[in-house]
Amino acid sequence: MQFHHHGYVSGDPRIEPAAGVGIDRPEELPEEVDVLIVGSGPAGMLAAAQLSQFPNITTRIVERRPGRLVIGQADGIQARSVETFQAFGFAEEITAEAYRITEMCFWRPDPEKPENIVRSGRALDDPAGISEFPHLIVNQARVLDYFARFMANSPARMKPDYGFEFVDLEVDDDAEYPVTVTLRRTAGDDEGTERTVRAKYVVGCDGARSKVRQSIGSTLAGDAANHAWGVMDVLASTDFPDIRTKCAIQSSNGGSILHIPREGGHLFRMYVDLGEVPEGDNGAVRKTSIDEIIAKANAILHPYTLDVRNVAWHSVYEVGHRLTDRFDDVKPEEVGTRTPRVFITGDACHTHSAKAGQGMNVSMQDGFNIAWKLGHVLDGRAPESLLSTYSAERQVVAKNLIDFDKEWSTLMAKKPEEFENPSDLEDFYVRTAEFPAGFMTEYTPSMLISEAKHQDLATGFTIGKRFKSAPVLRVSDTNPLQLGHQAKADGRWRIYVFADAAPAGTQSGVTELAEWLQNAPDSPLAAQPAGDDDAWFDVKVIYQQDHTGIDINAVPQVFKPQVGPFRLTDLNKVYGANPEEDIFEARGIDRSGAVVVVRPDQYVASVLPLTATSELAEFFAPLLPARQPQH
């Protein structure tokens, strides 16, 4: 964490100085806004948190509830999400209060006494070391609380506007504020009254029954699996030995349970198999009582018993997989003729079972993807054409999620005798570990993702996939750090320069690249606002030597920018390889050096040689405004 560069800070350094729209922010919802976010679920709150870092943009988030969420339905937090939380500054805190999944146990009918279940296997949750971050279980409401704190402490001083229900919207592309939104008050003295808000852009994060989705003429299409599950969060007394371990439990005749311990050491969740839903059920299965769900759980767990003492929450759902064909308001016949004004995220555009623990996680990445793009367009950093990449990128991710979840939920519903091999479920869990951890997303070439011409220079930073961190040593203070953890969700591009073998300051590919970055008119840094060396780009250098062999004074100036009103030198962007785990070896970086460009949402956009200044300029040219002279 860096602070004091704007002057001495005596209080909490996480509370940034108010700026722009955050100064004297109006309590009342304005009549005109730049971005209106509908729904304060995970996608909406992350999008709002990201946009709160853009103080010149008026963003408001409306929610039909009268206040914060108390009990959240989602609870699975994959490692990719914890990685994202790190960028928002609360990974350590939420990890401390969460339940951490390290293993999964598998239970099947006892071959000798099939009426009983026995533990048949264990699997490590991350056997290949996909991430340094853990797989967590924590109430969705707490995730939202942390995002709420982040946005409240950000320069825009954002907070949700509770008690507003979305009714409808209309789009007039010719207007300064093209989207006219009708809202209805759901709380307060004026409950039931309607009002309109005009917005430049609207982001619908309002769930599976999304009215924003309906307003743009998009529908969820897909199928139901005709299989029902009861889910309950409970406190109970039990002799089941793995009650504090994630489990997949299959009985001989009673169905299956997916068991997930919850945070706090006592609470746990069970997804209890209620069997196939008969034709003409018409939703009757959803009336299954909590007592019936508990009885079914006890039948599956035999010979163990479950004495439920308290029910925090329960529900019944039928497995369904549905997806929209587009995530914005541009209809197929309009592609190329207009840019989108309305976007949908999360359950508004993709629904699936809860058992794979993907819903909240994928939804948050939807919010991350669209928010930084809106920030760049509205802040004058990028053209409107950038916004068309949201639907193109995220629709594919949602389709892959649904395909994965169909396979997983089908396996969970199978009877033990239907498996060709008794270990099929366990094998699938281990084989596909990277997908549920959130690391299989791989964006294809576009204006934001380069072709993989130079991928061999950094094989461990796959273009289109998220930037996988590795240890380094910071030269200025000798601290061992994770390189990726130094990237805050501040809307900036990252340019990581992995040096050739030459010592710092000697004539080399690094010094020539640094000179170009600092002074060339076609350098992406030339587009930044005058007087702020660090506004839009975070440029770091990683040398092959360890920190003791790097002269900080010899490091080129572009890696030591002048920051803040006092023009202080930032020395925290210069790193050496950690001898205990050399990042060049760990991430397959060529010893001739490489440039790795990373998007604001942590995905690798390009890998280039140190000499490829023209390619670097060409990549950023369509993403930046006209160049400004540097001072």
Indicate the atoms forming the closest heavy-atom contact of [X] with [Y], along with that distance.
X      : Y      : answer
Ser450 : Phe619 : OG-CD1, 3.4 Å
Ser81  : Asn361 : OG-OD1, 2.6 Å
Pro383 : Val377 : O-CG2, 3.3 Å
Leu220 : Asp347 : CD1-O, 4.2 Å
Leu51  : Val35  : CD1-CG1, 4.1 Å
Ala228 : Val285 : CB-CG2, 3.6 Å

Taking side-chain contact (heavy atoms from CB on, under 4.5 Å) as the definition, give me every residue that meets it alongside [X], ordered by chain and number, with sequence neighbours left out.
X      : value
Asp145 : Arg68, Arg142
Lys468 : Arg466, Arg587
Ala586 : Glu581
Ala98  : Leu136, Val138

To the nearest 0.5 Å, tell me how far [X] [atom1] sits from [Y] [atom2].
X      : Y      : atom1 : atom2 : answer
His259 : Cys247 : NE2   : SG    : 5.5 Å
Ser256 : Trp107 : OG    : CH2   : 14.5 Å
Gln50  : Phe368 : CD    : CZ    : 5.0 Å
Leu374 : Asp379 : CG    : CG    : 12.0 Å
His135 : Ile130 : NE2   : CD1   : 11.5 Å
Ile260 : Thr245 : CD1   : OG1   : 12.5 Å

Legend entry - Evaluation steps, side-chain hydrogen bond (donor to acceptor under 3.5 Å, both in side chains), between Gln395 and Arg326: CA-CA 7 Å; Gln395 206 267 352; Arg326 55 190 167 89; over 6 Å; no
Legend entry - Between Phe133 and His485, ring centroids under 6.0 Å: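 Yes, the ring of Phe133 comes within the 6.0 Å limit of the ring of His485, centre to centre.
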With a 3.5 Å distance limit and no angle check, can you tell me whether [X] reaches the backbone of [Y] through a side-chain donor-acceptor pair?
X      : Y      : result
Glu393 : Val396 : no
Ser120 : Phe106 : yes
Asp125 : Met104 : no
Asp126 : Gly129 : yes
Tyr390 : Lys373 : no
Ser251 : Ile300 : no
Asp328 : Val342 : no
Asn369 : Arg394 : no
His376 : Gly491 : yes
Thr84  : Arg80  : yes

Legend entry - Partners meeting side-chain hydrogen bond (donor to acceptor under 3.5 Å, both in side chains) with Arg494 (sequence neighbours left out): Asp490, Asp538
Legend entry - Basic-acidic side-chain contact under 4.0 Å: Lys331, Glu334: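 Salt bridge absent between Lys331 and Glu334.
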Inset, instruction - Decide, yes or no, whether a salt bridge links Arg341 with Glu384 under the criterion of side-chain N to carboxylate O below 4.0 Å. - result: yes
Is there a side-chain contact between [X] and [Y] (heavy atoms, below 4.5 Å)?
X      : Y      : result
Asp242 : Arg119 : yes
Phe327 : Thr345 : no
Trp229 : Val272 : no
Thr288 : Ile293 : yes
Asp325 : Ser218 : yes

Inset, instruction - Quick one: sort the Phe467 and Phe461 rings into parallel, tilted or perpendicular, breaks at 30° and 60°. - result: parallel
Legend entry - Check against side-chain hydrogen bond (donor to acceptor under 3.5 Å, both in side chains), Asp233 and Trp313: CA-CA 5 Å; Asp233 285 338; Trp313 173 78; over 6 Å; no
Excluding sequence neighbours, so at least two apart, what forms ring-ring contact (aromatic ring centres under 6.0 Å, His included) with [X]?
X      : answer
Phe150 : Phe88
Phe85  : Phe90, Phe147
Phe584 : Phe498

Legend entry - Residue pairs, two or more places apart or on separate chains, that pass salt bridge (Lys or Arg N to Asp or Glu O under 4.0 Å) and touch residues 207-219: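 Every salt bridge (Lys or Arg N to Asp or Glu O under 4.0 Å) pair that includes a residue of residues 207-219, provided the two are not neighbours, is Glu165-Lys211.
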Legend entry - salt bridge (Lys or Arg N to Asp or Glu O under 4.0 Å) contacts touching residues 446-455 (sequence neighbours left out):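 Sorted result for residues 446-455: Lys453-Glu615.
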Inset, instruction - Determine, stepwise, if the pair Tyr603 / Tyr443 fulfils ring pair (Phe, Tyr, Trp, His ring centres under 6.0 Å). - result: CA-CA 8 Å; Tyr603 286 87; Tyr443 296 134; 4.8 Å; yes
Legend entry - Qualifying residue for side chain to side chain contact (heavy atoms under 4.5 Å, CB included) with Val607, from Asp590, Ile463, Thr459: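 By the side chain to side chain contact (heavy atoms under 4.5 Å, CB included) criterion, Val607 pairs with just one of Asp590, Ile463, Thr459: Ile463.
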Would you tabulate the side-chain donor-acceptor contacts of residues 40-48 under 3.5 Å, counting partners in other chains and residues two or more places apart, or write 'none'?
| unit_1 | atom_1 | unit_2 | atom_2 | d |
| --- | --- | --- | --- | --- |
| Ser40 | OG | Glu63 | OE1 | 2.9 |
| Ser40 | OG | Arg65 | NH2 | 3.2 |

Legend entry - Within 6.0 angstrom of Glu618 CD, more than 12 heavy atoms from elsewhere: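 Not buried by this count: 12 neighbours or fewer within 6.0 Å.
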Legend entry - salt bridge (Lys or Arg N to Asp or Glu O under 4.0 Å) partners for Arg100, two or more places apart: none
